Each structure stands twice: as C-alpha cells, then as structure tokens.
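Each chain gets a letter, A, B and so on, in the order its sequence line appears, and its residues count up from 1. Since this is a predicted model, take the numbers as computed values, not measurements.
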Amino acid sequence: MSLQETLSNQVKQAVLASFNVEIESVEFQATRKEFAGDITIVVFPLLRFVKGNPVQIGETIGDYLVENVSDVKAFNVVKGFLNIEISDSYYINFFNGIKGDENYGFVSSSSNEKAVMVEYSSPNTNKPLHLGHIRNNLLGYSVSEILKASGKKIYKTQIINDRGIHICKSMLAWKRFGNEETPESTGLKGDKLVGNYYVKFDQEYKKEIQVLVEEGQTEEEAKKNAPILLEAQEMLRQWESGDEDTVALWKTMNGWVYNGFNETYRNLGVDFDTLYYESDTYLLGKEFVAEGLKSGVFHKEEDGSVWCDLTHEGLDKKIVQRADGTAVYMTQDIGTAIQRIKDFPDVGGMVYTVGNEQDYHFQVLFLILKKLGFDWAKNLYHLSYGMVDLPSGKMKSREGTVVDADDLIVEMTDTARNISQELGKLDGYSEEEKEGIYQTIGLGALKYYILKVDPKKRILFDPKESVDFQGNTGPFIQYTYARIQAILRKASIEEKDVAVELDIKEKELLKQLQLFPETIQNAASQHSPALIANYTYDLVKLYNSFFQNISIFGADSENEKIFRVQLSRAVSNTIKNAFSVLGINVPARM
RNA sequence: GGUCGCAUAGCUCAGCUGGAUAGAGCACCUGCCUUCUAAGCAGGCGGUCCUAGGUUCGAAUCCUAGUGCGAUCACCA
C-alpha cells in the first residue's frame, strides 16, 4: 500500500474516532518548500462534514497520525493545511526497493489486454519530409513508446499516400524534363529528386497559365485548361486503369521516395511495425456504405450520393460516397480502420497522429464508426497537434518556405559539434565516436524542443534562432546523465542496502523518483510526451543542485558515499528510461 | 456566420483531480572552476494569469458572455 493510501485510511479513522463522522476521501498535496513537512493534507474540504476550527481539526488528525502511523514523524498546521513529516526510513525503504530496477517506471504488457495501433507520419510521396512531419513523427513515436511503457501492446503504423494527382505531377515533370535522372545518377536522395520534379511541374504549370491568360482566357479557365495539368489528370486515369508503363514509372519513383524517407526515419530514430498504402486501401469502405444504408445510418440523395446525417450530434451532414459511386476520403478512412482490425484482431483501439486542421474530420469519422456499431470505435483517439509555424507564416512546400527535415537534422548536429569542440571534453574519443555523440546531442536538442511543448499548442520555429542547448533543453538533461556516468565510472562501492540520515536535497530527489511511475501513466492516458519531458527536467534540476552542493566522494561516512552513488545511479537510470520513451538517446560522455 | 482549439514575466513554456506568497528556462545583472564534467550551481530583476460577470471557505484552473489569434465547415486528400 502506498503511503498516501495508508495516510488516507488513517485520516478517515482519525475523523471517525474523534468526530464520529465518516468521510469519503482525503485531499493531499506536496508540501510547499517554505513549510516543514513532506506531504500535506488539506483540511478545508473536511469542514463540510466536521464543524469546527480547521486548525484544531488539523491538530487532532495530526496527533492521531503521529500516534498510529510509524512513518509519520511530526506535523504542523498552518491555516487549514496539515503538514506531515515523514521519516527518512520510509524513503530509504522505497529507494532500496527500486534502486536495482533497470526498468523502473515501466509496466510490462499483459497478454490479455487489447493492443493499440498508433498511426503517425503518413506522408505524401511527392515531396520530402519537413519540420511539420518531424513534429508528427516525434509525437507519434513517443506516444507509442509511452503507451508501451504504461503496459500496452503497440503496433506502429503509417498510411502512405502513394496515389493521386500529386504523384502524377512529379511523374509527368520527370518524364518531360528528367532526362532519365535517377538518385544514383544525381547523387540526390530519392525523395528530394522526386520533390524537385513536383516543384518543376508547378513552375511549368504557372508558365502555361500565364500563356493562356495572355491569349485571353480568364485565370480560372487557364488553371483548368493548362495542358500540363490535363496531361497529369490523364496520367491518373491511366494509372487507375492499370496502364503498364504508368504503373511501372509510379513504382520506380515511389521506390526512390521510400528509400529517401527510410533514411530520414533512420536518422530521426523512428520506426514502424506495419505499413498501409493508400493505393491498396482507397477502394475500401464502400461495402460498409451499403451496410450503413441498410441499417439506416446513411441515406441516399436523389442524385445517388450517400450521406450521413450528424445534425442530431451537433455536426453537419457528411458525404460518404459520391453520386458516381466512388469513394471519398471519409469512405477510405472508414474502410482502413475496419481493415486494420481485421489484419490485427488483437487491436482494441487506435491513435491517429494527425494535425489539428483535421479535428473535424476525425470527430466525424469516430462518430460514424460508432454508429456503424463497432465496439472498438469508443477507443479511438485523434492525437491532434498544432502546426509548426515559421516567423514568415505557414510552411508551403511549393513556395519553398519549408524547413527540410534532413537539413535540420544536419544543422542540429553541426551546432552540437561546434559547442562540443569548443568545450573540448571528448579528447581521446575516435572521430566516429565523436560524431555519434554530436548526433545524439543535436537530435536530443531538437526532439526535446518539440516534445516539451503540449501537443495541442502551436510551435513557432525560428530557423535563425538556433535551438537552445542550455536551460530547459535536451542537452542539459543529457549533460547531467553524462556527468553521473563519470561519477559511476570512478566509484567503487560495496553494493548493499544502507540506512543514512537524509539531506533535504537527497529527500527531494527521492520524492521526485517516486513520481516517475505515475508520470508515465499520466502521460499515457493524456497522450502527452510533454509530461515526461517536464518531469525529467525537474528531476535533473534537483540532481544538479544536489551534485553541486553535496560531495559524493567526500561524504562523511562510507554508508553515505554508498547511498549517494546508488542514488546517482538510480537518477541516471530514470533519466535514461524517461528519455527512451521520448526517443532521445543519452551519451556516456559529452 | 456555425463549430473546435489556444491566450500565464520582454521571449519560449510549466502549473496534476480548484488550495498556502503563480513557477522554470532564455535575455539582463551579481557571485562560484587548483577538489566528483561550469552544456552547471547560488542569487537578483521581471506578472492586470486576455476582459467582465458567476459558482466556492478558496479560482490561472470550473461555468457564462465577450475580445484576440489559429483551424475547420468541398461530390479534394
């Protein structure tokens, strides 16, 4: 039983014994620094049941707790706050229980629980990944790892948008202007090469519009009639009819893009358990339109289009099938969700990592799936996140105002290299080892910078102001980890449980360590890596203060030295575990 | 216009189910490297928690209305 549960029961008994009243719950909070004590019981809520002066009630309960709970050492009452001092032995016991646990904070998954499928990334195959994708990838990966750490089984997936007019545009431009260029012949990453032709298409398209306008067409007509666009549309029709040459080119160019994406994913440190391709799934869902019509969830208009009326739920009417019988985006998503459950029958819920511009779409999607009667539909979660904006406004790939993912990773690594070389602490390491550390730090800075912010909020990213390496940052936390490793390398202690008198800083560290498991659970239920990031920062702040103010090797007694080394190790292990669910590595030196 | 989200220090952000004098980092200013890694520590400066009402013993937190910013409301995906 946790301390809080014990205290809660004892407080209830105290109130029953002293005032003859039964209360349901007791409210706790951490004691503020300026008061003596470790945990505080708020007396005010009890006033509803117990008439009297809050201070006196607090005193009465305090007396009872000191008398009856061995871990309660002393208490004081300030206004309606009952501050309780907990004995050192309680914290020492806790520490000895967890200090050897490498997986502290993590819950291993139980086989009888349903798995969760997390979708993230899901790019289009006509252009390279940018900063917005980075946020998506980091969030999706981290939430997956957090859910895993909280005891869930996870499948990471993405749906690759590999078909449609956008990829035909790149294909067409390559055919016209590409001179048989390949990633090999140009030395370009495949996604970059294909992206270049997407831009090329747009440039040509604009030129043709210009010409048509000069010939007397309106801008609107010109946009529809530009020959290059008509040709791209024709290409899409050919693709849909299975034209061999078109499909072959499509496969080749998508293959280039996948190679490029995989390199970026590898550098970013994210991965997937299973992939879905829109070219396979875009026809799914129509059978459920028929079923929904039968059950009355959907209805047909005179022109043959099929709709779902959600006005009773406070939403609009939503189309699920066009008049010509073809599927729309919503139809596909319905079909894909159902397909996933078929493919992975142990999945009982899904998380969609998609930007907040699609909030409405997912609200509707989840509602429709519920109406269609799927019991897993209640376990769907849209991990919605704010856009990453630049000072100049939104990122637009066609206008070239994007922060390229690969470039950014290189830049961050360069910054880490510069700072590190200036500090010169890596002497004696090989160049290869050094590069690995630079990348760990650079990526750590980037990932932490993005993940520490509440997913719901927008991020303003200024490429001119480099991401910080000091203060509340990834490198700060990594630095503390490396610092502890230096201690551990030098320390030779006898491994045993020791009992020492705790310094205030040591006690604060133990309290913070105690919070880690519940922080993982909270982060999982709220789908928020930011909670882990902030927890870790608090832990590291406390450790650094301890480190700088208390000597480890210069401890007064051998037992104190042993305890401090063990405490340092437990802190570094917790940092490592916390960062692992954020997808951030920790260096042994930096 | 309807709906959804956000608004806290000059800047970037915390603030858990309502609790004590609202916290960090950056920036600016002071100190601390001959001793375990100074990417650090100790301290200073800095607040109309968007506004107005309401609920409550108690509101940054909950409710209502308003303001500002963003998103969305396609037989596009």
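- Using a 3.5 Å distance cut-off with no hydrogens or angles, the side chains of A:N83 and A:T40 do pair a donor with an acceptor.
- When heavy atoms are screened at a 4.0 angstrom cut-off, A:T326 is found touching no nucleic acid atom at all.
- Spacing of C1' atoms, B:C62 relative to B:G23, comes out at 22 Å, to the nearest Å.
- Residue contacts for A:Q526: at a heavy-atom cut-off of 4.0 Å it reaches no nucleic acid atom on any strand shown.
- Here the side chain of A:F44 is nearest to one of B:C76, B:C57, B:C36, namely B:C57.
- The nearest heavy atom of RNA chain B to A:N356 and to A:I419 marks one nucleotide each, and the one closer to the 5' end goes with A:I419.
- Nucleic acid contact class of A:D316 (heavy atoms, under 4.0 Å, all strands): sugar-phosphate only.
- Taking only side-chain nitrogens and oxygens, A:S545 comes nearer than 4.0 Å to OP1 or OP2 of B:A42.
- Nucleic acid contact class of A:I441 (heavy atoms, under 4.0 Å, all strands): base.
- Figure legend. B:A71 is base-paired to B:U3; pairs are counted as Watson-Crick or G-U wobble with both atom distances under 3.5 Å.
- Distances shown here put every side-chain N or O of A:R569 at or beyond 4.0 Å from the OP1 or OP2 atom of B:C36.
- In the model, A:T311 has no side-chain atom that pairs as donor or acceptor with a side-chain atom of A:K317 under 3.5 Å.
- Rounded to an integer number of Å, the gap from CD1 of A:I39 to P of B:G19 is 16 Å.
- Comparing B:C57, B:A39, B:G25 by their closest approach to the side chain of A:R48 singles out B:C57.
- Base engagement by A:S551 is indicated by at least one non-hydrogen atom pair under 4.0 Å involving a base atom.
- Between A:K127 and A:D191 there is no salt bridge, since none of the side-chain N atoms of the basic residue sits less than 4.0 Å from a carboxylate O of the acidic one.
- Separation of the P atoms belonging to B:C50 and B:A59 is 15 Å when rounded to the nearest angstrom.
- In this model, no donor atom of one side chain and acceptor atom of the other lie less than 3.5 Å apart for A:N136 and A:T353.
- Each of B:U8, B:A20, B:A39 was ranked by its minimum atom distance to the side chain of A:K457; first place goes to B:U8.
- An OP1 or OP2 oxygen of B:C6 is reached within less than 4.0 angstrom by no side-chain nitrogen or oxygen of A:R458.
- A glycosidic torsion no more than 90° from 0 defines the syn conformation; B:C32 lies beyond that range and is anti.
- Heavy atoms of A:F476 sit under 4.0 angstrom from primed sugar atoms or phosphate atoms, though from no base atom.
- The phosphate of B:C36 (OP1 or OP2) has no side-chain N or O of A:R564 nearer than 4.0 angstrom.
- Look at A:R483 and you'll find a side-chain N or O under 4.0 angstrom from OP1 or OP2 of B:A38.
- No engagement by A:L47 is indicated, since no non-hydrogen atom pair under 4.0 Å with the nucleic acid exists.
- Residue A:K490 has a polar side-chain atom (N or O) positioned under 4.0 Å from OP1 or OP2 of B:U37.
- Remark: the A:D359 side chain and the A:S384 side chain contain an N/O donor-acceptor pair separated by less than 3.5 Å.
- Under the Watson-Crick and G-U wobble criteria, each requiring two contacts below 3.5 Å, nucleotide B:C13 is paired to B:G23.
- Contacts of A:N549 with the nucleic acid, taken as non-hydrogen atoms under 4.0 Å apart, involve only primed sugar atoms and P, OP1 or OP2.
- When heavy atoms are screened at a 4.0 angstrom cut-off, A:Y537 is found touching the sugar-phosphate backbone but no base atom.
- Note on A:N83: a base of the nucleic acid sits closer than 4.0 angstrom, heavy atoms only.
- Of the candidate nucleotides B:A20, B:C41, B:A38, B:A20 has the atom lying nearest to any side-chain atom of A:F81.
- Rounding to whole angstrom units, OH of residue A:Y385 and P of B:C4 are separated by 22 Å.
- Comparing B:U37, B:A20, B:A77 by their nearest atom to the side chain of A:R589 picks out B:U37.
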Exercise. Please lay out, stage by stage, how A:E234 and A:R237 fare under the test salt bridge (Lys or Arg N to Asp or Glu O under 4.0 Å).
Key: CA-CA 5 Å; A:E234 173 56 28; A:R237 277 189 290 274; 3.3 Å; yes
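- Taking side-chain N and O atoms only, A:Y479 has a distance below 4.0 Å to OP1 or OP2 of B:A39.
- In this structure, A:K541 reaches the B:G25 phosphate: one of its side-chain N or O atoms is under 4.0 Å from OP1 or OP2.
- Applying the 4.0 Å criterion to OP1 and OP2 of B:C6, one finds that A:K456 has a side-chain N or O inside that range.
- Nucleotide B:A42: paired with B:U30 (Watson-Crick or G-U wobble, both distances less than 3.5 Å).
- B:U64 is paired with B:A52 under the Watson-Crick or G-U wobble criterion, all donor-acceptor distances under 3.5 Å.
- Paired with A:F28 under the rule side-chain contact (heavy atoms from CB on, under 4.5 Å), one option of A:L3, A:L82, A:I39 passes, and it is A:I39.
- Regarding contacts with the backbone of B:U12, every side-chain N or O of A:K452 stays at 4.0 angstrom or more from both OP1 and OP2.
- Between A:D359 atom CG and B:G2 atom P there is a gap of 19 Å when expressed in whole angstrom units.
- Mapping A:F28 and A:N534 onto RNA chain B by nearest heavy atom places A:N534 closer to the 5' end of the strand.
- In this structure, A:R340 satisfies the cation-pi test against A:Y276, with its NZ or CZ atom closer than 6.0 Å to the six-membered ring centre and inside 45 degrees of the ring normal.
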